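Heads up: the structure comes next, in structure tokens.
Numbers restart at 1 for each chain; the letters A, B, ... are given by sequence-line order, proteins then strands. Everything numeric here is computed off the predicted structure, so don't read it as measured data.
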Number of protein chains: 2
Amino acid sequence: MLKQERQEYILHQLNLHNKVLCADLSSKMGVSDDTVRRDLQELSQEDKLIKVHGGALSKSFHTAFDREMVYNIENKNIIAKKAAALVQNGMYILTSGGTSILEFAKSLDQQLNATFFTCSLNAAIEFAHHPSIEVVMIGDKIAKESMLATGASAVQAIESIQADLCIMGINSMDTQFGLSENDWEVVQIKKAMIKASKKTVCIGISEKLNSQQKIKVANLDEIDILITELDPNDPLLAPYKQHGIIIY
Amino acid sequence: MLKQERQEYILHQLNLHNKVLCADLSSKMGVSDDTVRRDLQELSQEDKLIKVHGGALSKSFHTAFDREMVYNIENKNIIAKKAAALVQNGMYILTSGGTSILEFAKSLDQQLNATFFTCSLNAAIEFAHHPSIEVVMIGDKIAKESMLATGASAVQAIESIQADLCIMGINSMDTQFGLSENDWEVVQIKKAMIKASKKTVCIGISEKLNSQQKIKVANLDEIDILITELDPNDPLLAPYKQHGIIIY
DNA sequence: TTCGCATTTGCGGTTTTTTGCATAATTTGT
DNA sequence: ACAAATTATGCAAAAAACCGCAAATGCGAA
């Protein structure tokens, strides 16, 4: 077994189990403990994993959080305020989940009277804190990573709604591929939401722009409005403007 | 189990329960008391927790000290553990919301494989933190005070379920009036849940016993099991036992 | 292919870390 | 104050990591 091969295998196992044991690896790969140790040491130096006595732990599980998180909250706040301005009394609004949406929920005018539909547990809670708006949770099996209700029943429920606005946090957007996601179930939900709304608003920090993921949610022509933290005239947004999307 | 893994597990448990017992940890993780003690000592030196006799306390919790709170949380923990013991692999379980249910969710065995249905946003989130159980959120209009989905659609959804167990936090219970609540919408949900389950388990601190509220949820004969923080032989529970309810 | 060179790998011996146990000391609750 | 439970301490065995070296392997060039 080649060195590269081994190291890829180690990282693969680490993604699967979040932990690997030196002894396991050496017997599985048919090499000596020392070799495994050296592999782990290298990978650790490359910052790919965390080496511990007896094996290694996945890095993603341990850290991975709250570095740029803090930085982005400011931007998300700018976005949230712009989005909140679009909401008017009496509207029926579908929303996805995600941190941008949570900020949006916090930014809503306290006098606002509107009805929000969402599949996201966290978003539902945030909306429910608001004094006057109505919140409808769309239920189904919960996808744990995203805390989103997904499945046929949720899609059906969404299909039975005629909303004025769909406010959607974006993961990836691109002039070629449009709006895309990595999770098939979530994609089904988002597609249904867009279909069920008169207008679709995408919100997200500009980092998410010009990137794509595996599964397409919608073409750009299905998107009506795009909100980022940038100035509407920022050149980064020009290509989207050319596709007929209104930028705020 | 690796050392770092153990320590992360300890901190995780501490976030969940605000308190851990040496003995609990050693049996859960399959290591000796001494090892756990040494782990706690290290974590304590790193300022990650506060070590006390018999276990450790969460740092954040210790600062905000509230006698009443602590007292009730301890009781709710006792209740939660008893309730968790009733759940077996493969079961379909309906649950209501409330703090007792949240504690119950935290106390579930990490290896458990079961499916939980709930109308409570908070409960759904808590269940979804569990590594292996399935969570189904039953959606509808959110009642803000209780963060519960209520309404005809939710009731219908519940009616289409055949659950093994219904675990219900109680607000008021009484030998005369049975189980009662103040919110009409919530009552509809709870009634539907009891009807949809083979067995109904009521959980709640003993304070809630021998009190009644405006609207009846169920007669005592519809309740199979009652769990409080008290010893099953406590005289306070005797009248309920006489009504054929099993006490844990 | 074959040769030479750099890298990689395995092994023996040593050091360090970790863990569990026994016993003594301490704390807790009654 | 006493009995039970919890903790500290010292110690020994096992596991893992480290070190240096020689053999093996991979790789590029002749």
Mind checking what makes salt bridge (Lys or Arg N to Asp or Glu O under 4.0 Å) contact with B:D47, not counting sequence neighbours?
B:K59
For DNA chain C, what residues of residues 3-14 of chain A have any heavy atom nearer than 4.0 Å?
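A:K3, A:R6 - these, ordered by number, are the residues of the stretch whose heavy atoms sit under 4.0 Å from the strand.
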Which residues, if any, of residues 25-35 of chain B bring a heavy atom under 4.0 Å of DNA chain C?
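Those residues whose heavy atoms fall under 4.0 Å from DNA chain C, taken from residues 25-35 of chain B in numerical order, are B:V31, B:S32, B:D34, B:T35.
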Pairwise N/O distances under 3.5 Å, protein to nucleotides 12-15 of chain D:
none

Side chains of A:T99 and A:K76 only: does a donor on one sit below 3.5 Å from an acceptor on the other?
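Result is yes, a qualifying pair exists.
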Quick one: salt bridge (charged side-chain N to carboxylate O under 4.0 Å, His left out) pairs with a partner in residues 115-133 of chain B, sequence neighbours left out?
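Salt bridge (charged side-chain N to carboxylate O under 4.0 Å, His left out) check on residues 115-133 of chain B returns no pairs.
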Tell me which pairs pass salt bridge (charged side-chain N to carboxylate O under 4.0 Å, His left out) where either residue lies in residues 97-106 of chain B, with sequence neighbours left out.
B:E103-B:K106
Between B:K190, B:M147, B:M193, which is the residue that forms a side-chain contact (heavy atoms from CB on, under 4.5 Å) with B:C119?
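Running side-chain contact (heavy atoms from CB on, under 4.5 Å) over B:K190, B:M147, B:M193 with B:C119 returns exactly one hit, B:M193.
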Go through the structure and list residues passing ring pair (Phe, Tyr, Trp, His ring centres under 6.0 Å) with B:F127, not counting sequence neighbours.
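Partners of B:F127 under the ring pair (Phe, Tyr, Trp, His ring centres under 6.0 Å) test: B:F116.
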Once ring pair (Phe, Tyr, Trp, His ring centres under 6.0 Å) is applied, do any residues pair with B:Y92, and if so which ones, sequence neighbours excluded?
B:F117
Can you give me every donor-acceptor pair (side chain of residues 170-178 of chain A, partner residue at least two apart or in another chain, under 3.5 Å) with its distance?
from   : atom 1 : to     : atom 2 : distance (Å)
A:N171 : ND2    : A:E181 : OE1    : 3.0
A:N171 : ND2    : A:E181 : OE2    : 3.4
A:S172 : OG     : A:S211 : OG     : 3.1
A:D174 : OD2    : A:Q176 : N      : 2.9
A:D174 : OD2    : A:F177 : N      : 2.9
A:D174 : OD2    : A:Q212 : NE2    : 3.3

Minimum-distance pair of heavy atoms, taken over all atoms of B:A149 and B:G139:
CB-C, 3.8 Å
Pairs where residues 217-228 of chain B contributes a residue and the test side chain to side chain donor-acceptor pair (under 3.5 Å) is met, not counting sequence neighbours:
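Listed once each, the pairs are B:K216-B:N219.
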Atom pairs under 3.5 Å, N or O on each side, protein against nucleotides 1-4 of chain D: can you list them with distances?
none

Mind checking if B:V36 touches a base, just sugar-phosphate, or nothing, with heavy atoms under 4.0 Å?
nothing
Nucleotide interval of DNA chain C bounded by contacts with chain A (heavy-atom cut-off, under 4.0 Å):
C:dT8 to C:dT18
